[in-house]
Amino acid sequence: MKTLLCGGAGYIGTHVAMAFLERGDEVGIFDNLSSGLRTNLHKSSRFFEGSILDRAALDAVLSEGWDVVIHLAAFKAAGESMLDPAKYAQNNISGSLNLIASCAEHGIRRFILSSSAAVYGEPAYLPIDEKHPTRPENYYGYTKLAIEENLAWFATLKGLRYVSLRYFNAAGYDPSGKMTGLERNPANLIPVVMEVASGMRSKIQVFGDDYATEDGTGVRDYVHVTDLADAHVRAADHLYHGRDCVIVNLGSETGLSVRQIIDATRRITGRPIAEETVGRRPGDPAKLVASSAKAKEILGWQSRYSDLDTIIESTWRVYEPLARKNG
Ligand code: WQD
């Protein structure tokens, strides 16, 4: 299969690219390197440097003909999206519409979207399945919902077929150790805890310990990025075999608290991790856990690497060399 990954130089995209290359696909990567890294690019993929805001650049690449387009090019900081919605509207919505329109124009009919659990907002019930109401509480989540809605319109009007993958909290690194490119300025829990363990930061701030959860800290569903990558391959095959448009959750179906993550990181790294409990972060739900039954049923997908220890060990392998550098 000839597969194009928009945003294929980012944290999730590089893992997805690896999964497609490993099974022998011809892989193209379109990325503006705004957060992605040149060092993340696999030698056996073709790289097209460009932005999804540049319609002419997109047209040039898409006119080559691709069996499937995977769209991972987006800003993803929910907090920032509330302060600068225009930035998220432009890149995530306008850029995605450029890409979808260019696919339609060039007869590319198979499309996979990186969507997010952020489309659901505050959970009305747990575990969250795909029938859960979509009431995003941050603008980032709204942008993902807006793209999903446009995909549904293009499916009806232009025969586009798509799979939307609603990731819960992506975490971990390739367990075979092939990926080394770290995200710049991370804000998510696990990379921040890793920065503390490796001496790049002095302490972790725990955003609230008075939630109605077992230990009072926030609970999330962490899903290993290698499991996410596998779901994209399955989604591509699903579309290739002419099957229907589908929206699925991707999660481990297990809730882990902030405290469990910090404690496991202390145990696995053997490093002290200083922490300070501060107030809750606005907009953070107490608990998010996925039902991934639909992904299992329709894509035959099941998480294999999303247990706590594999997530922390595979991430530590990438941070440990920095820890040695920092003494
Ligand atoms: C996890 C838990 C925090 C940092 C975000 C986006 C979401 C999705 C994934 C893209 C929470 C706590 C965190 C810290 C802490 N993005 N925490 N101290 O907020 O669940 O999801 O990333 O699709 O849209 O909102 O992830 O890793 O930031 O937080 O205590 O320094 O860790 O309160 O309970 P989140 P996170």
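Side-chain atoms of Ser51 come within 3.5 Å of backbone atoms of Leu53 as a donor-acceptor pair (strictly under, hydrogens ignored). Between the side chain of Arg280 and the backbone N or O of Asp210 there is at least one donor-acceptor pair closer than 3.5 Å. Thr315 contributes a side-chain N or O that, together with a main-chain N or O of Ile311, makes up a donor-acceptor pair within less than 3.5 Å. Under the 3.5 Å distance criterion, the side-chain polar atoms of His106 are left unmatched by any main-chain donor or acceptor of Ala60. Put simply, the side chain of Asn92 never gets that close to the backbone of Thr143: no donor and acceptor are under 3.5 Å apart. The closest donor-acceptor contact from the side chain of Arg161 to the backbone of Leu239 lies under 3.5 Å.
Rounded to the nearest 0.5 angstrom, Lys2 NZ and Trp66 CH2 are separated by 5.0 Å. Here CD1 of Ile268 is found 12.0 Å from CD of Glu320. Values are rounded to the nearest 0.5 Å. Taking CG from Asn185 and OG from Ser35, the interatomic distance works out to 10.5 Å, rounded to the nearest 0.5 Å. Rounding to the nearest 0.5 Å gives a distance of 8.0 Å between CG of Asp25 and CG of Asp67. Here CG of Asn150 is found 12.0 Å from CG of Leu99. Values are rounded to the nearest 0.5 Å. To the nearest 0.5 Å, atoms OG1 (Thr14) and NZ (Lys178) are separated by 12.0 Å.
The environment of CD in Glu183 is crowded: more than 12 heavy-atom neighbours from other residues, nucleotides or ligands sit within 6.0 Å. By the 6.0 Å contact criterion, CD on Glu214 is open, its count of non-hydrogen atoms from other residues, nucleotides or ligands being 12 or less. The neighbour count for Lys87 NZ, taken as heavy atoms of other residues, nucleotides or ligands under 6.0 Å away, is above 12. Taking a 6.0 Å sphere around OH of Tyr142, one finds it holds 12 or fewer heavy atoms contributed by other residues, nucleotides or ligands.
By the 4.5 Å heavy-atom criterion applied to side chains, Phe168 and Ile128 are counted as neighbours. Side chains of Val248 and Leu165 form a contact here, defined as non-hydrogen atoms less than 4.5 Å apart. Considering only heavy atoms from C-beta on, Lys76 comes within 4.5 Å of Asn188 through its side chain. Considering only heavy atoms from C-beta on, Glu122 stays 4.5 Å or farther from Pro133 through its side chain. The shortest distance between side-chain heavy atoms of Arg304 and Asp227 falls below 4.5 Å. Using a 4.5 Å heavy-atom threshold, the side chains of Leu189 and Ile204 count as touching. Looking at heavy atoms from C-beta onward, Phe207 lies out of side-chain contact with Val258 at the 4.5 angstrom threshold. Residues Lys144 and Arg166 are not in side-chain contact: their nearest non-hydrogen atoms beyond the backbone lie 4.5 Å or more apart.
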>> The test is side-chain contact (heavy atoms from CB on, under 4.5 Å); show your working for Arg266 and Glu275 and say whether it passes.
In response: CA-CA 11 Å; Arg266 287 193 181 112; Glu275 59 173 85; 2.8 Å; yes
> Going through the checks in order, is the side-chain contact (heavy atoms from CB on, under 4.5 Å) test met by Phe75 and Asp84?
Replying inline: CA-CA 11 Å; Phe75 293 129; Asp84 194 355; over 6 Å; no
> So His132 and Asp129, side-chain contact (heavy atoms from CB on, under 4.5 Å) or not? Walk me through it.
Replying inline: CA-CA 6 Å; His132 188 285; Asp129 58 19; 4.1 Å; yes
>> Show, in sequence, the C-alpha distance, side-chain angles and deciding distance for Leu322 and Tyr319, and conclude whether the side-chain contact (heavy atoms from CB on, under 4.5 Å) test is met.
In response: CA-CA 5 Å; Leu322 300 171; Tyr319 278 86; 4.2 Å; yes
> Would Asp230 and Arg234 count as a salt bridge (Lys or Arg N to Asp or Glu O under 4.0 Å) if you check the C-alpha gap in whole Å, the side-chain angles of each, and the deciding distance to 0.1 Å?
Replying inline: CA-CA 6 Å; Asp230 173 50; Arg234 289 168 185 273; 3.1 Å; yes
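Residues Thr310 and His224 bring no donor and acceptor atom of their side chains to less than 3.5 Å of each other. Side-chain contact check for Glu148 and Ser115: at least one donor-acceptor pair (N or O, by modelled atom type) lies under 3.5 Å. Under the 3.5 Å distance criterion, with hydrogens and angles disregarded, a donor-acceptor pair is assigned to the side chains of Ser252 and Asp221. Defined by atom type and a distance below 3.5 Å, a donor-acceptor pair is present between the side-chain atoms of Tyr88 and Glu80. Side chains of Tyr120 and Asn249: a donor-acceptor N/O pair is present below 3.5 angstrom, by distance only.
The residues Arg55 and Asp59 are annotated as salt-bridged, a charged nitrogen and a carboxylate oxygen being separated by less than 4.0 angstrom. Using a 4.0 Å cut-off between charged side-chain N and carboxylate O, Glu253 and Lys296 make no salt bridge. Residues Lys294 and Glu130 are not paired through a salt bridge, judged by the lack of any N-O separation under 4.0 Å between the basic side chain and the carboxylate. Using a cutoff of 4.0 Å between basic side-chain nitrogens and carboxylate oxygens, Asp209 and Arg259 are not scored as salt-bridged. Ionic pairing of Asp237 and Arg243 is not present here: no N-O contact between side-chain nitrogen and carboxylate oxygen is shorter than 4.0 angstrom.
Leu113 and Ile108 fall within a single hydrophobic cluster, where Ile, Leu, Val, Met, Phe, Trp and Tyr are joined by side-chain heavy atoms under 4.5 Å apart, directly or via other members. Hydrophobic clustering (side-chain heavy atoms under 4.5 Å, transitive across Ile, Leu, Val, Met, Phe, Trp, Tyr) keeps Val193 apart from Val219. Cluster membership check: Leu250 shares its hydrophobic cluster with Ile12, using side-chain heavy-atom separations under 4.5 Å among Ile, Leu, Val, Met, Phe, Trp and Tyr. Connection of Met18 to Leu37 is not established within any shared hydrophobic cluster, with ILVMFWY side chains joined at heavy-atom distances below 4.5 Å, either directly or through further cluster members. The same ILVMFWY cluster, assembled from side-chain heavy atoms under 4.5 Å apart, contains both Leu72 and Leu299.
Ring geometry, Phe111 versus His71: the interplanar angle exceeds 60°, so the pair is classed perpendicular (tilted spans 30 to 60°).
Of all heavy-atom pairs spanning Met194 and Thr265, the tightest one is CE-CG2, 3.9 Å. Between Cys103 and Leu62, the shortest heavy-atom distance links the atoms N-CD1, 3.8 Å. Summarising the geometry of Asn40 relative to Gly10, their closest heavy-atom pair is ND2-O, 4.1 Å, with the distance given to 0.1 Å. Closest heavy-atom contact between Pro136 and Gly141: CB-C, 3.7 Å. Residues Ile147 and Ser96 come closest through the heavy atom pair CD1-OG, 3.3 Å. Across all non-hydrogen atoms, the minimal contact from Ser291 to Pro127 is N-CB, 3.7 Å.
Applying the ring-ring contact (aromatic ring centres under 6.0 Å, His included) test to residues at least two apart or on different chains, the pairs with a partner in residues 6-33 are Tyr11-His15, Tyr11-Tyr173, His15-Tyr173.
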